[in-house]
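One-based numbering, in listed order, for ligands and for the atoms of each. No experiment lies behind these values; they were computed from the predicted model shown.
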Amino acid sequence: MENCIFCKIANGEIPSATLYEDDDFRVILDLGPASKGHSLILPKSHAANIYELPDELAAKAMVLAKKIAGTLTDGLHCDGLNIIQNNGEVAGQTVFHFHMHLIPRYAGQKVGLTWTPGTLSEEDKQEILGLFA
Ligand code: 5GP
Ligand code: ZN
């Protein structure tokens, strides 16, 4: 993808604070961190979102997320960590190259990742269960 900034970062055409790199991924520090250690896992090949991501890379991404989460948690002594992955503008995606956020969480420090719980209606439940029947 010619004009994709994360393609350029993932493939080293634009410099970044790189925590980890292999044939398939680069892991970088987010430029606008939600907390200390906020990192992004970027596949080197372009997929706009999870719907386009090949299964093999999806599987590898989760294993890598586990590894990076462990190193961040051990090294930064955070108290927890969120893994977030946005798909589509309405879901908060701003860069349209698949990426996973790893956001270390520290006791007493607020990060705005919450929602107001709704109620699961019987109609919605049946509709959604039907999708998987
Ligand atoms: P999204 O909102 O698409 O899920 O997340 C995009 C993330 O990429 C944001 O957290 C933003 O701070 C980060 N970001 C955007 N441009 C750059 C960049 O050029 N370099 C780095 N390291 N992070 C970026
Ligand atoms: Zn890209």
For Y106 and L76, run side chain to side chain contact (heavy atoms under 4.5 Å, CB included): C-alpha distance rounded to whole Å, both residues' side-chain angles, the deciding distance at 0.1 Å, then the answer. CA-CA 10 Å; Y106 303 90; L76 296 175; 3.6 Å; yes

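- A salt bridge links D24 and K60; the closest N-O separation between the charged side-chain nitrogens and carboxylate oxygens is under 4.0 Å.
- Looking at every heavy atom in both residues, M100 comes nearest to A65 through CE-CB, 3.9 Å.
- Residues N87 and Q85 have side chains that bring a donor and an acceptor to within less than 3.5 angstrom of each other.
- Formation of a donor-acceptor pair under 3.5 Å by the N49 side chain with backbone atoms of Y51 is found in this model.
- Not a single donor-acceptor pair under 3.5 Å links the side chain of Q93 to the backbone N or O of E89.
- Residues of the protein with a heavy atom under 4.0 Å from ligand 1 are I5, F6, I9, I28, L29, D30, L31, G32, L40, N86, G92, Q93, T94, V95, H99, H101, listed by chain and number.
- The closest side-chain heavy-atom distance from R105 to C78 is not below 4.5 Å.
- With S16 contributing its side chain and G12 its backbone, the two residues share no donor-acceptor pair below 3.5 Å.
- Protein N, O or S atom count below 2.8 Å of the Zn ion (ligand 2): the structure gives 4.
- Aromatic ring orientation, H101 versus H38: tilted (interplanar angle from 30° to 60°).
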